[in-house]
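What follows is a single structure, written as structure tokens, with notes after it.
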Amino acid sequence: MRTTIGEARLRLPARIAKGDVIMVNAIVTHPMDTGFFRTPEGQPIPAFFVKDVVVRFGGAEVARFEWTSGISRDPVVSFPLLADREGTLEVTWTDSQGSTFTQQVPVAFGAA
Amino acid sequence: MPDSSMALPIGRRALVRAAAVAMASAPLLRIERLAAGEPDPEIPNEIVAQLIRARIGDRKPVRGKVTLDMPAAAEDGRIVPVIIEGLELPMTPAQHVKSVYLIVDHNPDPLVGAFHLSPQLGRLEIQTRIKMKRLSWVRCLAEMNTGEVWADYARVSVSLNGCG
């Protein structure tokens, strides 16, 4: 069985220039159980999934994703961000049991 | 498959590979679908119709402006790559994509995700991986803050049930 839930990672391009629209890749380890499967012993596995993802940039909410268990295990999402200023990008995942997982990464412009 | 083998690097590689395939083959597959005379995807089943109504009311989604790229045949229904793009849609405070709804008609829970966006994202492009139970139409609806709803549809067959 898996040993970790909520191990989160954010990836940004190595070099960011002011005004770029960059792609952000966000992943969190989570079983995303649908509630429709059973263990090999026949016990039902209850639904348990990430249901809410909030993206903040410089403290302001810029996106929010409502998910169901129809998103794959260890959910991955990539989305754009207009890097018109430097700031902290923060993503918070909340699962159906109320656990939250947060990861931050600085959006900083590289020296020319 | 043992749980531990579903670790991060495998998933990411699979996504990249699948995304590349999906992007390369999407236009051809779309032509094949049209030629095969598929049923009209704009008529959803009752559950899906209710779900759409709950989100966008009586507005009628119009096909165009947004693209839903998925493989026509997905081997593993647990991991089906999805790319949603709407590069010609504006993303300014006055005019932007407010929400994107991703719906799989024949999943036990048809609404897979609702993605609420803002102009700070700069453009519409979302990539993720979803589960699918069996052959189904997949719907992507992009709702503008000004009220229009753009749509694209993909018919995806699935070899391995990913929903139990």
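As a basis for the values below, the full set of heavy atoms in this structure was taken, side chains included, without hydrogen atoms, waters or symmetry mates. All values derive from a computational prediction rather than experimental measurement. All chains are named by letter (A, B, ...) in the order of the sequence lines, taking the proteins before the strands, and each is independently numbered beginning at 1.
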Q) Is any side-chain heavy atom of B/R78 less than 4.5 Å from a side-chain heavy atom of A/R73? A) no

Q) So, do B/N161 and A/F36 sit near enough that their side-chain heavy atoms are less than 4.5 Å apart? A) no

Would you name the heavy atoms of [X] and [Y] that are closest together and state the gap between them?
X	Y	value
A/L82	B/P119	CD2-O, 4.4 Å
B/I126	A/V77	CG2-CG2, 4.1 Å
A/P80	B/R123	CG-O, 3.1 Å
A/I71	B/V112	CD1-CG1, 3.6 Å
A/V21	B/G122	CG2-CA, 4.2 Å
A/S72	B/V80	OG-N, 4.4 Å

**Q.** chain B contact via A/F57 - which portion, at a heavy-atom distance below 4.5 Å
**A.** side chain

Q | Region of A/M23 that comes under 4.5 Å of a non-hydrogen atom in chain B | A | side chain

Q: To the nearest 0.5 Å, tell me how far A/E66 CD sits from B/F115 CZ.
A: 10.0 Å

Q. Rounded to the nearest 0.5 Å, how far apart are OG of A/S69 and CG of B/N107?
A. 8.5 Å

Q: Determine, stepwise, if the pair B/L117 / A/F65 fulfils side chain to side chain contact (heavy atoms under 4.5 Å, CB included).
A: CA-CA 8 Å; B/L117 313 178; A/F65 310 146; 4.1 Å; yes

Q. Given the options B/M91, B/M132, B/E125, which has more heavy-atom pairs under 4.5 Å with chain A than any of the others?
A. B/E125

Q: Answer with yes or no whether the side chains of A/D84 and B/Q120 bring together a donor and an acceptor at under 3.5 Å.
A: yes

Q: Step through the shown structure and confirm whether more than 12 heavy atoms of other residues, nucleotides or ligands are within 6.0 Å of CD on A/E61.
A: yes

**Q.** Crowding at CD1, B/I47 (>12 non-hydrogen neighbours, <6.0 Å)
**A.** no

**Q.** Same apolar cluster: B/W150 and B/Y101, side chain cutoff 4.5 Å
**A.** no

